[in-house]
Amino acid sequence: MTAPALQFSHDQAEAYDRIAAGLKSVGVDIEEGVLTPPHEGKSGVTAVLGKAGSGKTMLLSTLCRALAQAGVETVSGDYEGRRSKERRTVAVLSPTNKAASVLRAHGVPATTIHRIIYTPVYDPEYEKIAEWLAGKGDRPEIAELSEQALDRALAFYKLHASVPGALAAAGLRGSDFITGWKRRDEPLDIGLVDEASMLDARQLDDLKEIFPTLVLFGDPAQLAPVGQSGEMVFDKLPAENRLELSRIHRQAADNPILDLAHALSDPALEFEDFERMVEAAAQRDDRVVWANRVEVDLMARSPVLVWRNATRIRLINAFRKVHDAPEDALLPGEPLICDGLELPLKHRKKRLDLEARGLIKGAQVIYLGPGRKPGFSRLHVIGAEDPTFSAASIVKIEKPDEEEPFIPFAARMGATFLHGAAVTIHKAQGSQWDEVQVFAPDLFAAARMGRAEAGQPLWKRLAYVAITRASTRLYWVVRNRLAKPTGPLRVDDLRTQTPAPLVLEAEQEGTDTE
């Protein structure tokens with residue numbers, strides 16, 4: 001085995017060897033670095049399952065490095081070079097932009113599932129730059145770009161391996177080099193899918209059409225997708241195709257947040273007992289906070305996690321009230337959640353462009369201010385590789401005890417948004433923040449109701465998912481109170497870039513007249 005055995009636990013090493021053997025059977029030998037053309041008819045799905053701290057991300061990143069060293073080409077979703085029947089490829093996928101950005105922070109070249117299913121079409125002139133950056137062509141001569149601009153593009157690509165980002169660093173806008181988007185009509189090769197507990201059956205079927213070889217990485221203790229009856233897509237795999245990681249690694253075992261998460265597996269544990277554990281952890285370690293109120297400053301970048309929609313709506317309205325937000329407008333710095341795209345079928349190209357930029361359902365967005373036209377917004381999509389642009393927007397502010405949301409402004413069609421100062425725990429799956437606030441009264445309500453999911457009390461699954469969203473500090477909020485903000489909302493903490501050209505502009509498309 002060529003994996004770093006001294007770093008791997010026994011179950012990780014066994015999983016690595018099993019996956020390596022499966023890859024070898026389809027012509028990718030990561031131990032000897034030998035590749036053969038793909039075998040017709042060879043296919044399979046394997047799942048690596050483990051709770052938080054069991055080393056799934058470490059195993060995934062090690063596999064990525066081994067595949068790269070063996071000569072397997074990484075497909076990122078932002079550009080693909082010339083295809084050949086002999087080449088072997090791998091794509092690392094996540095269901096959401098935020099989940100993909102968490103992997104990229106660990107050095108794993110992840111992209112979203114959507115960005116693999118829909119691929120960009122490059123202008124032939126600028127495709128020469130993409131081929132050069134990818135190491136498949138000579139340094140081009142482009143009349144519109146200076147040598148210094150090309151140098152900036154190359155320096156950016158060496159750091160981030162993103163072709164669109166490199167072209168942006170050279171001074172180009174997305175509309176300069178991407179002429180459109182198309183659904184992938186040819187299969188790829190190997191797919192490594194993180195946060196597989198978020199996949200539904202249809203998404204898995206789409207992935208199986210594209211990738212003959214799939215390796216899913218998932219946490220069986222999380223919440224199943226809505227409509228899956230408590231089942232996850234890997235539950236139906238044969239036992240021999242499910243690899244279990246059971247050992248919790250030392251760096252995870254020293255983490256009081258994960259200690260609390262793993263304590264939830266005790267079938268005898270009641271909610272009141274668990275709250276006493278949280279309070280005791282807070283007394284001995286500042287990474288756990290027993291909070292008597294919601295910290296409003298944190299809500300601007302990491303939402304309060306709740307179970308009930310009514311709680312979510314009340315917290316959002318309290319957040320806006322303490323910031324003196326007007327009812328007919330948003331303040332720069334307010335967080336939003338993309339709730340989908342309201343576009344007719346004839347505007348398919350616009351839909352693909354917005355989704356490719358990161359505006360998919362569930363995407364976390366920061367409002368930067370109004371666009372050039374009424375109903376347009378300047379946005380920052382959290383976790384997107386090119387996060388800042390403008391789009392036609394329909395913003396809905398839900399009100400307590402009112403069926404219809406209040407809409408402070410809206411384009412005739414475009415991306416729809418809900419407020420993001422608080423979100424349900426279901427929507428938070430796949431995301432991670434440095435500091436997370438969990439609204440404990442909601443979990444107490446779930447415990448009182450006695451509901452179960454997949455044989456486990458629902459409150460325990462909710463608590464597990466909520467707790468494991470925190471990477472450095474967990475706030476266990478026990479009272480329905482809101483602290484006062486220490487300052488106004490801000491946007492200067494975001495990675496700033498020159499905004500890309502406005503999406504859905506009336507000047508570009510005569511159908512848009514907002």
Side-chain angles (χ1 to χ4, degrees), residues 2-3 15-48 56 59-95 100 103-104 107-122 130-131 133-136 161-163 181-196 199 203-218 233-234 237 241 243:
T2 59
Y16 184 95
D17 287 343
R18 293 271 301 277
I19 295 169
L23 292 172
K24 187 175 182 179
S25 71
V26 296
V28 177
D29 189 339
I30 57 177
E31 295 184 354
E32 301 296 331
V34 176
L35 307 179
T36 57
H39 302 304
E40 291 292 334
K42 284 277 187 177
S43 63
V45 180
T46 303
V48 178
K56 296 188 299 295
L59 179 60
L60 174 59
S61 60
T62 304
L63 283 168
C64 288
R65 287 195 301 270
L67 287 163
Q69 291 168 2
V72 177
E73 179 183 337
T74 299
V75 177
S76 67
D78 60 24
Y79 171 74
E80 284 185 53
R82 297 186 185 93
R83 298 174 181 174
S84 74
K85 294 182 179 180
E86 287 75 27
R87 76 168 185 164
R88 305 308 304 264
T89 65
V90 61
V92 185
L93 311 171
S94 287
L103 280 180
R104 290 197 295 270
V108 179
T111 189
T112 63
I113 293 171
H114 189 277
R115 285 294 300 272
I116 287 296
I117 294 176
Y118 294 99
T119 61
V121 179
Y122 277 66
E131 290 180 351
L133 293 172
K136 297 181 179 179
S162 167
V163 171
W181 301 84
K182 65 176 183 178
R183 186 179 177 95
R184 183 179 298 280
D185 53 9
E186 294 184 12
L188 286 172
D189 195 352
I190 302 166
L192 308 179
V193 185
D194 192 38
E195 296 289 351
L199 296 180
Q203 288 174 311
L204 180 61
D205 288 340
D206 285 344
L207 290 171
K208 288 163 70 174
E209 287 184 9
I210 297 172
F211 296 98
T213 301
L214 274 175
V215 183
L216 312 178
F217 293 80
V233 292
F234 42 71
L237 293 178
N241 288 32
L243 311 177

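Just so you know, residue 1 is the first one in the sequence shown, and it goes up from there.
In this structure, Leu216 and Leu204 have side chains that are in contact, with non-hydrogen atoms separated by less than 4.5 Å. Using a 4.5 Å heavy-atom cutoff, the side chains of Ile210 and Ile117 are in contact. Counting heavy atoms from C-beta outward, Val72 and Val28 have side chains that approach closer than 4.5 Å. Between Val75 and Leu188, some side-chain heavy-atom pair lies under the 4.5 Å cut-off. Contact of the Val92 side chain with the Asp194 side chain is not registered, since no non-hydrogen atoms from C-beta on lie closer than 4.5 Å. Under the 4.5 Å side-chain criterion, counting only non-hydrogen atoms from C-beta, Leu207 is in contact with Val193. Using a 4.5 Å heavy-atom cutoff, the side chains of Tyr16 and Leu63 are in contact. Under the 4.5 Å side-chain criterion, counting only non-hydrogen atoms from C-beta, Leu199 is in contact with Ile113.
When every heavy atom of Ser94 is checked against every heavy atom of Leu103, the shortest pair comes out as OG-CD1, 3.6 Å. Nearest approach of Cys64 to Val108, heavy atoms of both residues: SG-CG1, 3.8 Å. Between Arg88 and Thr36, the shortest heavy-atom contact is NH1-O, 2.8 Å. For Gly191 against Phe211, the heavy-atom pair with the smallest separation is N-CD2, 3.4 Å. For the pair Lys56 and Val48, the tightest heavy-atom approach, listed with the atom from each and the gap, is CD-O, 4.0 Å. Taking all atoms of both residues into account, the shortest heavy-atom contact from Ile30 to Ala20 is CD1-CB, 3.8 Å.
Comment: Glu73 engages Arg87 in a salt bridge, judged by a side-chain N to carboxylate O separation of less than 4.0 angstrom.
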Go through the steps to decide whether Val215 and Val45 satisfy the test side-chain contact (heavy atoms from CB on, under 4.5 Å), and finish with yes or no.
CA-CA 6 Å; Val215 183; Val45 180; over 6 Å; no

Go through the steps for Asp189 and Val90 under the test side-chain contact (heavy atoms from CB on, under 4.5 Å), then give the verdict.
CA-CA 6 Å; Asp189 195 352; Val90 61; over 6 Å; no

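For Thr46, the side chain to side chain contact (heavy atoms under 4.5 Å, CB included) partners at least two apart in sequence or on another chain are Leu243. Qualifying side chain to side chain contact (heavy atoms under 4.5 Å, CB included) partners for Asn241, counting only residues two or more places apart in sequence or in other chains: Leu237, Pro238.
Of the possible donor and acceptor atoms, none in the side chain of Asp29 sits under 3.5 Å from a partner among the backbone N and O of Val34.
A distance of 13.0 Å separates CD1 of Ile116 from CG of Asp206, quoted to the nearest 0.5 Å. We find the CG-CG distance between Leu192 and Leu60 to be 6.0 Å, quoted to the nearest 0.5 Å.
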